[in-house]
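What follows is one structure encoded as structure tokens, with my remarks underneath.
These numbers come from a predicted model, not from an experiment. As a basis for the values below, the full set of heavy atoms in this structure was taken, side chains included, without hydrogen atoms, waters or symmetry mates. Sequential numbering from 1 along the given sequence is applied to the chain's residues.
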Amino acid sequence: MAEIIHKNGNIFDLVAEVEDTFEEIPPELEFEIIDLSQNLPLIGPNLANRAGFGVEPVGLRAFNPLYDDPQMISPVYSMRNPANPVVIEREIEQKHHIYLWRDPRMTYTSRDDLPTTKQDSEALILALALNLASADDHISVIEGTDIHHFGRSSYEVVDNEVDVSIMADVKPDFSNVPLQSSAIMVGNFYDHAETLEMLNDMSDKQIHGFLILNLDPREVDFDFKDNTEIQGMNGETSQSGETSMKFSDAASMRKKWQPILKEHIEWLEEQCELHDCQLLVRRKDEPREKVLIQLLEDDHIDPVAELLPHLKL
């Protein structure tokens with residue numbers, strides 16, 4: 001397994017070294033990513049559902065002089081019966097394993113003032129990576145079976161350490177991901193067969209996931225004019241092999257497209273419920289912190305209702 005240790009590097013150098021498409025991130029977007037990461041809420045402890053070293057109290061028990069440190073005695077709860085001191089039992093905290101992925105094929109943007117959906121998704125996962133690993137600056141990038149590390153070795157176990165990995169492949173590979181990890185995936189998930197395979201792989205590893213459906217405004221509004229040609233929509237090509245799609249009557253296409261988009265969101269929500277995942281929906285022209293705060297604070301937002309005001313159904 002290849003390994004690159006960056007003791008004094010930065011995350012942008014790391015991801016650019018692993019996958020050259022990250023080199024396309026504009027410098028001004030890098031500043032936005034750093035600023036965003038510093039203004040997001042921090043995650044809490046990852047509890048292991050068993051007693052041990054931690055901060056979350058789960059109950060009281062009698063002090064055992066054979067293996068308990070006297071400093072563990074609770075003076076408040078031992079006050080009534082000093083001859084039989086008690087300690088506060090706490091729930092052990094375990095290492096977080098968090099995996100981040102964005103679909104690198106989303107190369108479309110409808111406006112000059114917006115980055116491509118791929119770049120916008122990279123901004124989301126890089127801001128998350130910096131935020132989640134802020135305590136230890138511990139981030140790695142997974143490319144196939146290779147892991148490229150940023151900061152300390154990911155195999156150094158520290159209580160409540162956050163192990164954040166960015167998946168750099170077109171399709172996420174969960175074969176080397178530890179059981180009961182967390183995964184945050186950003187894409188449009190239009191390929192249902194590919195999405196279902198990904199969700200099944202996550203279920204096999206008992207991975208709790210978040211899917212962020214990241215859409216360009218035009219993918220929602222479909223406000224094209226008549227006789228419109230779209231080049232490179234999501235990096236796809238037409239059946240003729242040309243990297244463009246032509247619409248002679250965009251208004252009628254909108255009436256067909258928006259119900260399809262609604263059904264797509266409803267399908268994703270149904271599959272997420274079946275696979276222990278949560279679906280979040282984002283328009284690329286909305287503030288990035290909106291969806292990230294929803295994720296970090298685990299706010300359940302109805303994804304269809306989130307976009308309904310924009311759908312002319």
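- Within the 3.5 Å criterion, the main-chain N or O of Asn131 finds no donor-acceptor partner in the side chain of Ser37.
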Derivation of the salt bridge (Lys or Arg N to Asp or Glu O under 4.0 Å) call for Asp201 and Lys171
CA-CA 11 Å; Asp201 290 344; Lys171 287 180 61 178; over 6 Å; no

Would you sort out whether Asp120 and Arg288 count as a side chain to side chain contact (heavy atoms under 4.5 Å, CB included), showing the intermediate values?
CA-CA 9 Å; Asp120 184 75; Arg288 295 187 184 95; 2.9 Å; yes

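- For the pair Leu215 and Tyr190, the tightest heavy-atom approach, listed with the atom from each and the gap, is CD2-OH, 3.5 Å.
- Using a 4.5 Å heavy-atom cutoff, the side chains of Cys272 and Leu211 are in contact.
- Note: Trp101 and Phe189 have tilted aromatic rings, judged against thresholds of 30 and 60 degrees for the angle between ring planes.
- Remark: Ser182 engages Ile98 in a side chain to side chain contact (heavy atoms under 4.5 Å, CB included) (not counting sequence neighbours).
- Distance check: Thr117 OG1 to Arg102 CZ gives 12.0 Å after rounding to the nearest 0.5 Å.
- In this structure, Gln258 contributes its side chain and Val220 its backbone to a donor-acceptor pair below 3.5 Å.
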One pair to check against side chain to side chain contact (heavy atoms under 4.5 Å, CB included): Lys118 and Asp103. What are the steps and the verdict?
CA-CA 7 Å; Lys118 181 180 77 69; Asp103 191 330; over 6 Å; no

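- One hydrophobic cluster, built from ILVMFWY side chains closer than 4.5 Å, holds both Ile260 and Tyr108.
- The minimum heavy-atom distance between His275 and Leu196, with the atom names listed, is CE1-CD1, 3.9 Å.
- Here the OG-CZ distance, from Ser74 to Phe63, works out to 12.5 Å after rounding to the nearest 0.5 Å.
- Using a 4.5 Å cut-off on side-chain heavy atoms (C-beta onward), Tyr99 and Pro172 make no contact.
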Could you walk me through whether Leu126 and Ile166 pass the side chain to side chain contact (heavy atoms under 4.5 Å, CB included) test, one step at a time?
CA-CA 8 Å; Leu126 291 174; Ile166 298 171; 3.7 Å; yes

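- Rounded to the nearest 0.5 Å, atoms CG (Leu199) and CG (Asp204) are 11.0 Å apart.
- Note that the CG atom of Leu29 and the CD atom of Glu122 stand 8.5 Å from one another [nearest 0.5 Å].
- When Val291, Ile212, Leu213 are each tested for a side-chain contact (heavy atoms from CB on, under 4.5 Å) with Val281, only one passes: Leu213.
- Classification of Asp191 and Arg105 as a salt-bridged pair fails, no side-chain N sitting under 4.0 Å from a carboxylate O.
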Carefully, step by step, assess Arg218 and Arg111 under the rule side chain to side chain contact (heavy atoms under 4.5 Å, CB included).
CA-CA 9 Å; Arg218 189 152 281 178; Arg111 289 170 18 196; over 6 Å; no

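- Under a hydrophobic clustering in which Ile, Leu, Val, Met, Phe, Trp and Tyr are joined whenever their side-chain heavy atoms come within less than 4.5 Å, directly or via other members, Val164 and Ile293 fall into the same cluster.
- Here Asp276 pairs with His208 under the side chain to side chain contact (heavy atoms under 4.5 Å, CB included) rule; sequence neighbours left out.
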Verdict with reasoning, Arg283 to Asp221, per salt bridge (Lys or Arg N to Asp or Glu O under 4.0 Å):
CA-CA 10 Å; Arg283 277 177 60 110; Asp221 301 331; 3.0 Å; yes

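- Residues Ile33 and Ala127 approach most closely at CG2-N, 3.6 Å, considering heavy atoms.
- The shortest non-hydrogen separation linking Leu279 to Leu268 is CD2-CB, 3.7 Å.
- Looking at every heavy atom in both residues, Ala62 comes nearest to Val87 through O-CG2, 4.5 Å.
- Put simply, the side chain of Leu292 reaches to within 4.5 Å of the side chain of Leu36, judged on heavy atoms.
- Within a 6.0 Å radius of CG in Asp113, other residues, nucleotides and ligands contribute more than 12 heavy atoms.
- Residues Lys205 and Ser175 bring no donor and acceptor atom of their side chains to less than 3.5 Å of each other.
- Between Lys290 and Arg282, the closest side-chain pair of non-hydrogen atoms is not below 4.5 Å.
- Between the side chains of Ser121 and Asn214, at least one donor N or O lies within less than 3.5 Å of an accepting N or O.
- The hydrophobic clustering, which links ILVMFWY residues whose side-chain heavy atoms are closer than 4.5 Å, places Phe222 and Leu114 apart.
- Ile184 has its side chain out of reach of Ile125: every pair of non-hydrogen atoms, C-beta onward, lies at least 4.5 Å apart.
- Between the CD atom of Gln294 and the CD atom of Glu289 there is a distance of 11.0 Å, given to the nearest 0.5 Å.
- The distance from atom CE of Met198 to atom OG of Ser203, rounded to the nearest 0.5 Å, is 10.5 Å.
- Here the shortest heavy-atom pairing between Asp169 and Pro104 reads O-CD, 4.1 Å.
- Side-chain contact between Met106 and Thr116 is absent, with no heavy atoms from C-beta onward closer than 4.5 Å.
- Between Leu295 and Gln278, the closest side-chain pair of non-hydrogen atoms is not below 4.5 Å.
- Side-chain contact check for Trp267 versus Lys262: every heavy-atom pair is 4.5 Å or farther apart.
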Salt bridge (Lys or Arg N to Asp or Glu O under 4.0 Å) for Glu219 and Lys284? Distances and angles first, verdict last.
CA-CA 10 Å; Glu219 289 180 273; Lys284 196 173 64 180; over 6 Å; no

